[in-house]
Asker: 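Have a look at the structure that comes next, please.
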Amino acid sequence: MESKTVVLGVIGADVHAVGNKILEIALTEAGFHVVNLGVLVSQKEFVEAALETNADAILVSSLYGHAEIDARGLREALIEAGIGDILMYIGGYLVVGNQEWSEVEAKFKQLGFDRVYPPSTLPEDFIPTLRKDLGL
Amino acid sequence: MESKTVVLGVIGADVHAVGNKILEIALTEAGFHVVNLGVLVSQKEFVEAALETNADAILVSSLYGHAEIDARGLREALIEAGIGDILMYIGGYLVVGNQEWSEVEAKFKQLGFDRVYPPSTLPEDFIPTLRKDLGL
Amino acid sequence: MSEGLTHDKLDWNELKEERAQVLASWPTGREVDLDEALEFHRKLPAELNFAKRLLQAKAEGKTLAQPRAGVADLNSHLQLLLYLQDEGETDLLPTTIDSYTRQNRYEEAEKALLESVREGRSLLNGFPAVNHGVAGCRRIVEGVSRPVQVRHGTPDARLLAEITLAAGFTAFEGGGISYNIPYAKRVPLGDSLRYWQYVDRLVGFYEEQGITINREPFGPLTGTLVAPCISHSVAVIEGILAAKQGVKNITLGYGQCGNLVQDVAALQTLTSLAEEYLRAEGIEDVELTTVFHQWMGGFPKDEAKAYAVIALGSTAAALGKATKVIVKTTHEALGIPTKEANAQAIRTTKQVLNMLQDQALPESPALAEEREIILQETRAILNKTLELGEGDWALGAVRAFAAGVIDVPFAPSTFNLGRTMPARDNEGAVRFLQWGNLPFPKDIQNFHRAKLEERGRAERRPPSFQMVVDDIYAVSHGRLVGRPR
Amino acid sequence: MSEGLTHDKLDWNELKEERAQVLASWPTGREVDLDEALEFHRKLPAELNFAKRLLQAKAEGKTLAQPRAGVADLNSHLQLLLYLQDEGETDLLPTTIDSYTRQNRYEEAEKALLESVREGRSLLNGFPAVNHGVAGCRRIVEGVSRPVQVRHGTPDARLLAEITLAAGFTAFEGGGISYNIPYAKRVPLGDSLRYWQYVDRLVGFYEEQGITINREPFGPLTGTLVAPCISHSVAVIEGILAAKQGVKNITLGYGQCGNLVQDVAALQTLTSLAEEYLRAEGIEDVELTTVFHQWMGGFPKDEAKAYAVIALGSTAAALGKATKVIVKTTHEALGIPTKEANAQAIRTTKQVLNMLQDQALPESPALAEEREIILQETRAILNKTLELGEGDWALGAVRAFAAGVIDVPFAPSTFNLGRTMPARDNEGAVRFLQWGNLPFPKDIQNFHRAKLEERGRAERRPPSFQMVVDDIYAVSHGRLVGRPR
Ligand code: B12
Ligand code: B12
């Protein structure tokens, strides 16, 4: 089985590193080739890494509440780079405070994310879906 | 200053004794002559004690939630005994659960109580009013 | 009733007539069929047997959580228990009985039950099990998937026990002292002791037929500044009296006092004392477990503060390794809790228990000293009680209460002398300002005096009754020790 | 930036040029007028001075409560603090700074601030103090009646310090290590140490003028399985570095690990270690206090369970006699809390603190052993650090991190070696599965190995990385030790 490449990182000025390390381990154990950019990752770094590694998906984390601002324009930057149709997920604490989930989800879908995950998502909660979305 | 007599007791099948002891002490310290019937007091005992001691007021406690049933008809019994206009207070946890206070108060006013006090009433919260009501 | 009272085992055959009278005292008594009941109990899965569940927890070193709950109507009560099971994640279930039933006033209970059904809200503060009868009660036992206990406060619980045990309940709270002195005014102690010998003998009968029913003396008594030596003395006596009637699975109780060292010391001495006195009676085959009651006195009205009190109680229970803990709710100072509040409090409790599961209060000189105090005080009371009873614990209990050798503070019963006056020391442990006729040796008396003088110095006031009043209000006003305002 | 880094006191006059640059880096820097600021501080009532309030609490043996809180808009932030003061009954107030400001991205903060005002909700996770400037910040200090501290996570907080201290804030959290290693990725440690020497020297300047400002290294670091020896080492070094710059009032921090004995031992050793190493530097005039952080790792989503975690943290803080405790909320796992949730958590915390006010964890062999372990481990790390620094703590810190002699688990910084792997032992204390290059003597290494083997035996699995993952999730899944499912 050929292994799919995913780019992983925590966007913006966010330094929450623990979930990122856990995701790297879980995705690697699940057979993915993981390119982990760590924390404090800019949009540019995400785009470049996806291009360079010919990635199949981008997994964006945001824990600290600024995702709304930080993720704006990422899909557009990917389109501009010629990989506009790459699969893209986002997960974490996406907004400041505890807002109605359906609204949060809609907001980030509109920003171009294919799937949006709420706080406390466990690896086993989304990895099966990721495999399906990547045709595994 | 002549001292006023108050009859004190916990009505019905109620055995909560601590507040009753505290009230006895506080009322005595405040200069009242206290006739304390203790806990598990029937309507009949309240009426008889008030008659016998020529009391100026009756203070009914109910903590366990059955006051609604236990206090029904007490005013009528007092009227029948010829002391229908005696001042009568009730206080404690008067109903089962935590119900809207204004409704609870109205319910017990209708049962013939002159004043109705919510849970956690401290002696200093009502003794001044009692003095006023008794013209002290 | 209490003529010829002794602590000896009642003869089951001689009890026949009394049983017939008891069962005839309310129509549902007729539903009791012991053979059918035994059959039902035999088929009950082991995990629904309260006694077995406790022994399992004890073996695993775990502390289980149990709420209080009871409403008038049968269906509503079942729904309530299911909610506490599913949303509250509780380990054990209760069925709390209403106050009319507790005073054997079944007619009043019946009226209030009907009115409750009519109005669609509970006018009773508990579940009137006698009125619901064997068939009704069995719907509870069959409807849930946790063991269920009957919890009440009934001086004469003979009919209640007959009906609920026949229905399949596997645990029954109460005792001749603990369900009289704090719960009644004029019931002679000898009478209630005899009523409870009947209940224990009934449990002993089930035991003889291979069905273990858990029995639990009510530990906290009046819930108000009850020092460990008082509740321990009552627990040991009721434990012995139950064991004499053939009860084999007993949970001894204690209500949180609030000082962590005192609370843990109390839990640690409870079973060791009971074992000591049971052994002296030649009884070695009783399984003992413990129950810790979260703070039983007045609560703060603010729910956020009430959570703190609940968590502190859970902490003491866990660090003291109680077998189970009885859960209060954030509505304690507001009225009977909603099912939501009840479930939340269980979850708070379980999070504390789970997080402390692998920890205990470390052994220390302070803890050892506190245990020693409790042991000496309790032995003084128990030895004097046995002396008064001329070797008989039932007689001894009656005479000890009459003499104030056992004396429960703030108790409504006229059969309690009421000469003691408890107050907290400077670290919040419950001590005695006045010990009345408690048979304390001189050094123990000096200990209490010194402890209260220490507090007096810290507060710049002589130890006095005002301290007691301040202590009674303290927790609901946000602290443990009632310092001068 | 960090060329020629030493731990010596910066010359105030030589700092002039740098100050001018810092103040010019954002328009509001112009508002800083030190003379006017000193005047304001001199008129501030004593009870609003954070440093004095802490000393008072320390003298009285009390533990104070402090929340976290910050929103974008000035008025909303003031309202929030007033709510926590009046409805939360808090002792101390915070002003938590947003994450853009923490990275000196004032433009982004400005944009988000404007958008927040426009949308009527905070798009920032904190208060952008630099953007609000001196005048804006002063409205906060003048508007409340509790002392206020600046809380953030900023590697280069020079401008933030200039502005907030000039505005009248009397306490400033952070340090060159603790606000770099957990909060940045590529900021060289030497740089952040030097930035923080500036901040400390500024505080020292205020001190020279008679104004005491409290400084607090950030104790919990990554908040995730940080063993006491790691955070204590950082706290002591930052304490020394601050003191060298003339800081006189320092609060050392520690984040709850969850095992009560370890937590209390950690609190008890924190100031004694700092005093020991300060004394060795000839520094004797620093007032030390402690701060205990309620559980800093992942929380349970269920608010009822979160209350338990909050109360347990408060219990450890009280029994360990911390000077203050930083309060989490029941919304921790949901997002930035509402003001209501924040106030409730403070009240829960205060009820626990008040009820335990007169109690401490009794002295015991277990506690003494735990203290001894922490002392030995921390001394090993600190002595090696000083050796690497050839007698200089600033240089030593840089070299110790490079060598992994100090190594913070799960830290994002590339200047942290990241070779240690913490895991809980069978009683929930945080130990090391791998200690990387921590300079532990053989017996300490054996201690950790034995502790984890003990857990392994209990769980019937060899100690491994899976334990670490299980431990990380454990509290949010309802327990302390991540047992196999
Ligand atoms: C530990 C922690 C910290 C540590 C982080 C240390 C470090 N460098 O890693 C410290 C103390 C430094 C910290 C700082 C801050 N934090 Co913080 N922190 C936490 C905390 C308690 C736990 C996070 C954690 O490690 N969880 C464990 C890991 C395993 O879980 P996780 O991170 O959630 O990741 C999992 C899932 O979310 C999911 N996931 C993550 N990303 C993705 C992506 C995809 C595509 C998918 C499918 C899934 C997925 O999978 C992961 C593995 O299961 C949380 C609250 C909580 N959860 O209880 C707050 C929290 C995340 N922090 C928060 C905030 C605001 C901050 C600060 C701004 C300080 C402040 N105001 O209090 C700073 C920000 C600093 C910065 N610039 O980023 C907020 C965010 C609020 C919001 N969004 O509304 C939270 C929710 C706390 C709160 N309720 O206020 N924090
Ligand atoms: C201690 C206690 C007990 C002890 C009582 C020991 C004893 N014999 O005294 C024990 C454990 C035995 C007990 C038993 C029961 N209790 Co109880 N008990 C309490 C508790 C925790 C404290 C009461 C107390 O002593 N407070 C301290 C004193 C000083 O305050 P107080 O009693 O409120 O009295 C003051 C004021 O109310 C006021 N006041 C009182 N009367 C009057 C009258 C007037 C005219 C005025 C102006 C003021 C006034 O002044 C007093 C002095 O300040 C309360 C809850 C709480 N408050 O936190 C529950 C509570 C009162 N009990 C309750 C219940 C239901 C029971 C039981 C039925 C058991 C059960 N289902 O849980 C049994 C009933 C037994 C019976 N037949 O009565 C409920 C009542 C619920 C409701 N009404 O909705 C409460 C509120 C707990 C709860 N939330 O469920 N209880």
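In this text, all values refer to a predicted model and were calculated from it rather than measured experimentally.
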Asker: Tell me every residue that passes side chain to side chain contact (heavy atoms under 4.5 Å, CB included) with A81(B), counting only those two or more places apart in sequence or in another chain.
Answerer: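 If we apply the side chain to side chain contact (heavy atoms under 4.5 Å, CB included) test to A81(B), skipping adjacent residues, the hits are V47(B), L51(B), I83(B).
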Asker: Quick check on L40(B) against chain C: is it the side chain, the backbone, both or neither that has a heavy atom closer than 4.5 Å?
Answerer: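 For L40(B), heavy atoms of backbone and side chain both lie under 4.5 Å from chain C.
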Asker: Restricting to side chain to side chain contact (heavy atoms under 4.5 Å, CB included), what partner residues turn up for P220(C), sequence neighbours left out?
Answerer: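 Here the qualifying residues are F218(C), H293(C), M296(C).
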Asker: Heavy atoms only: give me the nearest A55(B)-I86(B) pair and the separation to one decimal.
Answerer: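 Nearest pair, atom of A55(B) first, then I86(B): O-CD1, 3.5 Å.
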Asker: L37(B) vs L8(B), test: side-chain contact (heavy atoms from CB on, under 4.5 Å). Steps then yes/no.
Answerer: CA-CA 6 Å; L37(B) 306 176; L8(B) 181 69; over 6 Å; no
Asker: Between V468(C), L123(C), V469(C), I472(C), which shows the greatest number of heavy-atom pairs under 4.5 Å with chain B?
Answerer: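 Counting heavy-atom pairs under 4.5 Å, the top option is L123(C).
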Asker: Does any backbone or side-chain atom of P409(C) lie under 4.5 Å from a heavy atom of chain B? Answer side chain, backbone, both or neither.
Answerer: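 Neither; nothing under 4.5 Å.
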Asker: Hey, which of A13(B), A17(B), G19(B) has the most heavy atom pairs under 4.5 Å with chain C?
Answerer: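 Counting heavy-atom pairs under 4.5 Å, the top option is A13(B).
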Asker: Which heavy atom in S231(C) sits nearest to a heavy atom in G219(C), and how many Å separate them?
Answerer: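 The answer is CB-O, 3.3 Å.
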Asker: For the residue pair V475(C) and L480(C), establish whether any side-chain heavy-atom pair is separated by less than 4.5 Å.
Answerer: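 Answer yes - side chains close enough.
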Asker: Where do L189(C) and G176(C) come nearest, in terms of heavy atoms and distance?
Answerer: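 Closest pair (atom of L189(C), atom of G176(C), distance): CD1-O, 3.6 Å.
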Asker: Output the option from L63(B), V18(B), L94(B) having the highest count of non-hydrogen pairs under 4.5 Å with chain C.
Answerer: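 Of the candidates given, the most pairs with chain C belong to V18(B).
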Asker: Below 4.5 Å, heavy atoms only, C-beta onward: do V309(C) and P300(C) meet side chain to side chain?
Answerer: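 Side chain of V309(C) against side chain of P300(C), heavy atoms only: contact under 4.5 Å found.
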Asker: For A129(C), what residues pass the side chain to side chain contact (heavy atoms under 4.5 Å, CB included) criterion, not counting sequence neighbours?
Answerer: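 Expected list: I97(C), F127(C), C137(C), L160(C), T164(C).
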Asker: Which of the residues P119(B), G97(B), G12(B) is involved in the greatest number of heavy-atom pairs with chain C at under 4.5 angstrom?
Answerer: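 Ranked by heavy-atom pairs under 4.5 Å with chain C, first place is G97(B).
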Asker: Is there any N or O donor on one of chain C and chain B with an acceptor on the other under 3.5 Å, and could you list each such pair with its distance?
Answerer:
from	atom 1	to	atom 2	distance (Å)
Y100(C)	OH	D70(B)	OD1	2.6
E115(C)	OE2	R72(B)	NH2	2.8
R121(C)	NH2	E68(B)	OE2	2.8
N125(C)	N	H66(B)	NE2	2.9
N125(C)	OD1	H66(B)	NE2	3.2
N125(C)	ND2	Y64(B)	O	2.8
K185(C)	NZ	L37(B)	O	2.9
K185(C)	NZ	V39(B)	O	2.5
R186(C)	NH2	E45(B)	OE2	3.3
A333(C)	O	Y93(B)	OH	3.2

